[in-house]
Amino acid sequence: MKLPSTFENLNPKQFETSWKSPSNIAFVKYWGKKGHQIPANPSLSMTLKECATKTKVIFTPSDSFEVDLFLDGVREEKFGLKIKNYLLSLIDLPWIKNNSIIIETHNTFPHGTGIASSASGLSAFALCLTDYLFYLSGENGDFFKIASHLSRLASGSACRSVYGGFTTWGQESDYFASPIHVHPELSELRDSILVIDESEKKVSSTSGHGRMAEHAFAKTRFLQANKNFDLMSSALTTGDVELMGQILESEALSLHAMMMTSPESYILLKPNTLTAIEIIRAFRQETKLPLYFTLDAGPNLHLIYPAVHQNKIQTFINNELSPLSVKVIEDEKGEGPQRC
Ligand code: PMV
């Protein structure tokens with residue numbers, strides 16, 4: 001999919017905009033790519049509310065292309081370079097180089113908690129960029145579809161953060177995400193994030209996706225992900241919490257199984273991740289309460305449950321699980337990005 005032709009040859013102008021965009025947690029995982037930022041299988045996620053990035057971008061016409069990024073007021077050369085390279089890769093926008101760009105960004109969740117900030121951070125930047133493109137071109141097309149497309153080119157999972165609630169990517173389109181409706185029974189889900197380890201992950205997601213190319217189980221994994229996508233979609237639309245939880249956990253463990261069995265094997269789980277999983281499963285067996293876990297590309301557990309069971313489940317988390325963690329971040333399903 002190409003960007004609208006109204007974006008192709010514009011004259012840069014002074015412009016400033018700010019967006020707050022949330023992170024998301026995948027219920028069906030995107031793991032493996034075909035070509036440039038095209039997912040090897042469809043994925044489905046819940047957009048969060050509290051874990052978000054606020055980003056202000058100032059575009060100033062200039063002869064030299066500069067990108068200066070400040071995270072919490074401190075210049076971050078590595079992230080600035082990442083954005084610069086991303087902008088250089090947007091072949092439909094060669095003129096973007098005639099800008100000096102200042103980015104001021106701030107995560108609402110504690111820095112260094114091992115919670116991925118790429119989905120929130122890169123979608124917040126892509127929303128600001130879309131604002132700029134619409135301002136310059138007078139384009140009045142589908143703003144969020146274009147923001148999702150631009151987010152995807154920066155980080156695949158970021159394309160799902162531009163919508164609130166639940167979104168899919170790789171089913172309706174490989175180029176942008178689409179929001180989906182879920183059964184009222186599952187529309188109020190909470191996510192208590194058990195931060196087991198705060199250190200930066202040893203292997204980047206980019207490298208992890210790459211290892212799927214030569215993976216002995218890749219074909220089977222993509223078949224399983226497609227099947228799980230259908231089952232998860234059906235669980236969410238019919239309000240089948242048990243099926244949702246079963247697939248949620250299967251996806252989390254399959255993602256980590258892929259890492260452990262990849263050509264260059266690696267393990268991101270920590271002993272306390274496994275201890276917590278055993279305790280969660282025993283609690284579920286005993287109480288019959290619908291508490292399920294999932295994992296991102298790291299050791300931290302996202303504990304997913306309907307908000308109606310919040311009191312009992314949070315007491316259990318505080319008493320039994322929080323001693324295994326550095327901290328617990330309370331989050332829930334959110335409404336999506338906002339201008340700020
Ligand atoms: O968006 P990326 O390239 O950082 O990949 C993220 C992949 C997972 O977070 C592990 C799964 C997902 O679908 O969000």
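Values below: every heavy atom of this structure, side chains too, minus hydrogens, waters and symmetry copies. Model, not experiment: these values are computed from the prediction. Atoms within a ligand are numbered from 1 in the order they appear, just like the ligands themselves.
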- Which atoms of ligand 1 have any heavy atom of Ser155 under 4.0 Å away? 1 (O), 2 (P), 4 (O)
- Query: What residue pairs, at least two apart or across chains, pass ring pair (Phe, Tyr, Trp, His ring centres under 6.0 Å) with a residue in residues 249-301?
  - Reply: Phe283-Phe316
- Task: Any atoms of ligand 1 less than 4.0 Å from a non-hydrogen atom of Trp31? List them with their elements.
- Result: 7 (C), 10 (C)
- Task: Could you say whether the N/O atoms of Arg160 and ligand 1 ever approach to under 3.5 Å?
- Result: yes
- Item | Counterpart residues, side chain to side chain donor-acceptor pair (under 3.5 Å), relative to Ser233 (two or more places apart) | none
- In terms of residue, atom name and distance, what is the protein heavy atom nearest to atom 10 (C) of ligand 1? Asp296 OD1, 3.4 Å
- So, is His209 polar-close to ligand 1, with some N/O to N/O distance under 3.5 Å? yes
- Message: Side chain or backbone, does Ser43 bring an N or O within less than 3.5 Å of an N or O on ligand 1?
- Response: no
- Provide, to 0.1 Å, the distance between atom 7 (C) of ligand 1 and the closest protein heavy atom, together with that atom's residue and name. Tyr30 O, 3.4 Å
- Query: Does the cation-pi check pass for Arg339 over Phe143, that is, NZ or CZ under 6.0 Å from the six-membered ring centre and within 45° of its axis?
  - Reply: yes
- For the residue pair Tyr132 and Phe59, does the interplanar ring angle fall in the parallel (under 30°), tilted (30 to 60°) or perpendicular (over 60°) class? parallel
- Asp197-Ser199 side chain donor-acceptor pair, cut-off 3.5 Å: yes
- Aromatic ring pairing His149/Tyr175, orientation class (parallel under 30°, perpendicular over 60°, tilted between): parallel
- Task: Considering heavy atoms of the protein only, find what lies nearest to atom 1 (O) of ligand 1 and give residue, atom and distance to 0.1 Å.
- Result: Ser157 OG, 2.7 Å
- Quick one: which ligand 1 atoms are inside 4.0 Å of a heavy atom on Gly156? 1 (O)
- Item | Proximal ligand 1 atoms for Ala26, defined as those under 4.0 Å from one of its heavy atoms | 12 (C), 13 (O), 14 (O)
- Message: Tell me if the NE2 atom of His181 is crowded by more than 12 foreign heavy atoms within 6.0 Å.
- Response: no
